[in-house]
There are 2 protein chains.
Amino acid sequence: MNIKLNSRDPVYIQVIRYFKEQIATGILEPGQEIASRRELANKLKINPNTAQRAYKEMEEQGLIFTEGNLPSRITKDEVIIKHVREELILEAVNTFIASIQSINVSLEEAVELIKKNYHKNPNEQEGNQ
Amino acid sequence: MNIKLNSRDPVYIQVIRYFKEQIATGILEPGQEIASRRELANKLKINPNTAQRAYKEMEEQGLIFTEGNLPSRITKDEVIIKHVREELILEAVNTFIASIQSINVSLEEAVELIKKNYHKNPNEQEGNQ
DNA sequence: TAAAGTGTATTAAGCATATAATACACAACA
DNA sequence: TGTTGTGTATTATATGCTTAATACACTTTA
């Protein structure tokens, strides 16, 4: 469970994003059981209600499903899973392009920056006001 | 005044970011007068207190300064101005890299995506849940 | 001089988020 | 059979952000 919570964004949003990443990379497999609400809350030191809110929303989005009162599981719908990855990529690309265009960074400059920083250890990186 | 406010982030944060972009691109020049709190609030249809909060924070960060009760002005400190642009770029790059690495997108794939989407009309783009 | 426009400050209310503390029905299991 | 662990739900409280409504001191200007 390698998730860092920031204090900017709503916690339940960050939890959902974390699961989307795990699903997109295949770390969480179709049909796989996930932590219960209480278990997740314990691990992340968050409130069980917040965990419940995240799971409820993921259920509404079809990312997970629940049968009876068994622990929830990752969807088996491959279409949804594929869509999750594409959605995350598209969002990242669009956000990045909007950011650099707003300050007149050229395509060449942007590509150079990505190449230069891609292999850096994140701990060496600065930024994020 | 070309600023779109979303409902995700705090308004005063978005206002600060907007001014940083204007400063970074040189659209707002050193020493230039900016809209008064009330004027800005009117233009953006936000509360004067929110405008005041944004300006106060920008003043604390050295981005603007105020003499007497004249309209505030953009800082004349070129070091700060240069730093603003670098900060925005670094933040965009680091955020993007973190996002794509979290879903195992390769450097090559990432560069391709940037190249493919850079010249697209933003209105054609999708995403942003 | 009076009006209008500055920056600055205070108080109150509403909303979303997060936490806290419970509660209940159900199923597995020791 | 009772305990434990599921999902699910409700009520209350606190905090941050936003809006609203004022207020005051100071300049400029008509």
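Numbers restart at 1 for each chain; the letters A, B, ... are given by sequence-line order, proteins then strands.
Rounding to the nearest 0.5 angstrom, the gap separating the CD atom in Glu60(B) from the CD atom in Glu57(B) is 6.0 Å.
In this structure, Ile16(B) places its CD1 atom 11 Å from P of dC17(D), rounding to the nearest Å. Lys56(A) places its NZ atom 13 Å from the P atom of dT17(C), with the value rounded to the nearest Å. One interatomic measurement links the two molecules: CD1 of Ile13(B) to P of dG16(D), which rounds to 14 Å at whole-angstrom precision. Computed from coordinates, the Gln14(B) CD to dG16(D) P distance equals 19 Å when rounded to whole Å. Rounded to an integer number of Å, the gap from Asn6(B) CG to dC17(D) P is 14 Å. Rounded to whole Å, the distance from CG on Asp9(A) to C1' on dC17(D) is 15 Å. We find that CD of Glu67(B) is positioned 22 Å from P of dG5(C), with the value rounded to whole Å. In this entry the distance linking CZ of Arg8(B) with C1' of dT17(C) reads 16 Å, nearest Å.
Of the two residues contacting DNA chain D, namely Tyr12(B) and Pro71(A), the nearest-nucleotide position lying further toward the 5' end is that of Pro71(A).
Classified by interplanar angle (parallel below 30°, tilted 30° to 60°, perpendicular above 60°), the ring pair Phe96(A)/Phe96(B) is parallel.
Side-chain atoms of Thr95(B) do not come within 3.5 Å of backbone N or O of Ala92(B) as any donor-acceptor pair.
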Provide a list of protein-nucleic acid N or O atom pairs under 3.5 angstrom, restricted to nucleotides 26-29 of chain C.
| from | atom 1 | to | atom 2 | distance (Å) |
| --- | --- | --- | --- | --- |
| dC26(C) | O2 | Asn69(A) | ND2 | 2.8 |

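Within the structure, side chain to side chain donor-acceptor pair (under 3.5 Å) pairs that include any residue of residues 45-54 of chain B comprise Tyr12(B)-Arg53(B), Arg37(B)-Gln52(B), Asn47(B)-Asn49(B) (at least two apart or interchain). For residues 75-84 of chain A, there are no salt bridge (Lys or Arg N to Asp or Glu O under 4.0 Å) pairs, not counting sequence neighbours.
An OP1 or OP2 oxygen of dT6(D) is reached within less than 4.0 angstrom by no side-chain nitrogen or oxygen of Thr66(A). Dashed line: the shortest gap from a side-chain N or O of Ser72(A) to OP1 or OP2 of dT6(D) is not under 4.0 Å. Contact annotation: Tyr55(A) does not reach the phosphate of dG7(D) (side-chain N/O to OP1 or OP2, under 4.0 Å).
Using a 4.0 Å cut-off on heavy atoms, the residues of residues 33-45 of chain B that approach DNA chain D are Arg38(B), listed by number.
The closest side-chain heavy-atom distance from Ile64(B) to Tyr55(B) is below 4.5 Å.
With hydrogens and angles ignored, a donor-acceptor pair under 3.5 angstrom links the side chain of Asn49(A) to the base of dA21(C).
For Ser36(A), the side chain to side chain donor-acceptor pair (under 3.5 Å) test picks out no residue, with sequence neighbours left out. When the side chain to side chain donor-acceptor pair (under 3.5 Å) test is applied to Asn69(B), no partner is found at least two apart in sequence or on another chain.
No donor-acceptor contact under 3.5 angstrom links the side chains of Glu59(A) and Ser72(A), judged on distance only.
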